[in-house]
Amino acid sequence: MTSSVVTGDIRQTLDHFRRSVDQLFENFYGFPAESARGGAMATGSQQWTFSPAVETAWGDTTLNMRVIVPGVPQQDVKVSVQNNQLVIEGERKPPEGFKQNAHTQLAYSKFYTAVTLPNGLDLDKLSARMRDGVLDIQIPVSEQMKPRQVQIQSGEGRKSIGA
């Protein structure tokens, strides 16, 4: 009898936990958790939004950025600099022959990403290349911001501070 009581408590606790996680998914992502688990699929009434992944890394002389935009042709992507932000925008469209209300687990929508850039970059020399759904952006560091070696002079022959 004790084992059935314990089993019932565990099931009830796990069921409560699952419902809490489902509610979290629904509140955060805007679609039911079973969609994320591969159950029900998004339909016309359940719109997912596409947001490309962005990663950055500093090179010796450049700030390198990579934006992952699978299924987005180059002509549907726009890169611009506005104020001190790099703006990447475009649209991921469903393939030809897919209706807007088709059952899908992929997100199709317009996207807009703005990345605030640090000072010291040469924005006039920014370059962008796209291949196989990967947008690579390189922004050179301006000459004034590049590290330089400073000559250390000997302290001999100079008066010390406070003397």
Side-chain angles (χ1 to χ4, degrees), residues 16-153 155 161:
H16 177 69
F17 176 72
R18 183 191 56 78
R19 283 191 308 243
S20 297
V21 171
D22 287 351
Q23 185 66 44
L24 177 71
F25 253 89
E26 198 163 337
N27 290 342
F28 187 75
Y29 291 107
F31 58 86
E34 59 266 13
S35 298
R37 290 194 301 261
M41 297 182 190
T43 62
S45 63
Q46 271 177 262
Q47 291 298 314
W48 297 4
T49 57
F50 173 69
S51 181
V54 178
E55 60 183 355
T56 60
W58 286 98
D60 291 337
T61 60
T62 60
L63 172 61
N64 302 307
M65 299 181 77
R66 177 165 276 183
V67 183
I68 310 301
V69 287
V72 180
Q74 182 175 334
Q75 63 268 19
D76 289 347
V77 177
K78 178 181 166 188
V79 177
S80 62
V81 176
Q82 301 172 13
N83 298 323
N84 210 32
Q85 290 191 323
L86 178 69
V87 175
I88 302 142
E89 56 189 311
E91 184 172 6
R92 182 174 175 182
K93 300 173 187 172
E96 196 172 311
F98 280 66
K99 295 181 181 176
Q100 190 66 6
N101 62 352
H103 293 285
T104 183
Q105 292 184 347
L106 299 176
Y108 298 105
S109 65
K110 291 184 179 185
F111 59 89
Y112 178 94
T113 302
V115 179
T116 301
L117 298 171
N119 292 326
L121 297 175
D122 191 348
L123 299 178
D124 293 332
K125 294 184 180 174
L126 181 147
S127 67
R129 288 185 176 79
M130 189 160 160
R131 181 174 179 211
D132 296 332
V134 177
L135 174 64
D136 285 314
I137 300 169
Q138 290 188 328
I139 310 171
V141 175
S142 66
E143 288 299 320
Q144 300 92 313
M145 297 302 288
K146 287 183 182 176
R148 61 183 175 92
Q149 190 69 34
V150 175
Q151 181 72 27
I152 301 174
Q153 298 179 6
I161 298 175

Close side-chain approach of [X] to [Y], heavy-atom, < 4.5 Å:
X      : Y      : result
Val69  : Ile88  : no
Val141 : Leu121 : yes
Phe111 : Ser51  : no
Val134 : Ile68  : yes
Leu135 : Val77  : yes
Leu86  : Leu123 : no
Leu126 : Ile137 : yes
Tyr112 : Glu89  : yes

Point-to-point distance, once rounded to the nearest 0.5 Å, from [atom1] of [X] to [atom2] of [Y]:
X      : Y      : atom1 : atom2 : result
Glu143 : Arg148 : CD    : CZ    : 12.0 Å
Asp60  : Thr62  : CG    : OG1   : 8.0 Å
Leu117 : Gln82  : CG    : CD    : 11.5 Å

Taking all non-hydrogen atoms of both residues into account, name the closest pair between Val81 and Asn83 and its distance.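 In this case the closest contact between Val81 and Asn83 is CG1-O, 3.9 Å.
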Between Thr56 and Met65 (side chain of the first, backbone of the second, donor and acceptor by atom type, cut-off under 3.5 Å), is there such a pair?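 It does not hold such a pair.
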For the pair Ser142 (side chain) and Asp122 (backbone), establish whether a donor and an acceptor sit closer than 3.5 Å, ignoring hydrogens and angles.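 Here the side-chain-to-backbone pair does not exist.
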Does a sphere of radius 6.0 Å around CD in Gln85 hold more than 12 heavy atoms from other residues, nucleotides or ligands, not counting ones at 6.0 Å or beyond?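 Yes - once you tally the heavy atoms of other residues, nucleotides and ligands closer than 6.0 Å, there are more than 12.
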Do you know which of Glu91, Lys93, Arg92 makes side-chain contact (heavy atoms from CB on, under 4.5 Å) with Phe50?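 Per the side-chain contact (heavy atoms from CB on, under 4.5 Å) rule, the option paired with Phe50 is Arg92, out of Glu91, Lys93, Arg92.
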Taking salt bridge (Lys or Arg N to Asp or Glu O under 4.0 Å) as the definition, give me every residue that meets it alongside Lys110, ordered by chain and number, with sequence neighbours left out.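 Salt bridge (Lys or Arg N to Asp or Glu O under 4.0 Å) check on Lys110 returns nothing, list empty.
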Candidate pair Leu63 and Trp58, rule side chain to side chain contact (heavy atoms under 4.5 Å, CB included), full reasoning: CA-CA 5 Å; Leu63 172 61; Trp58 286 98; 3.8 Å; yes
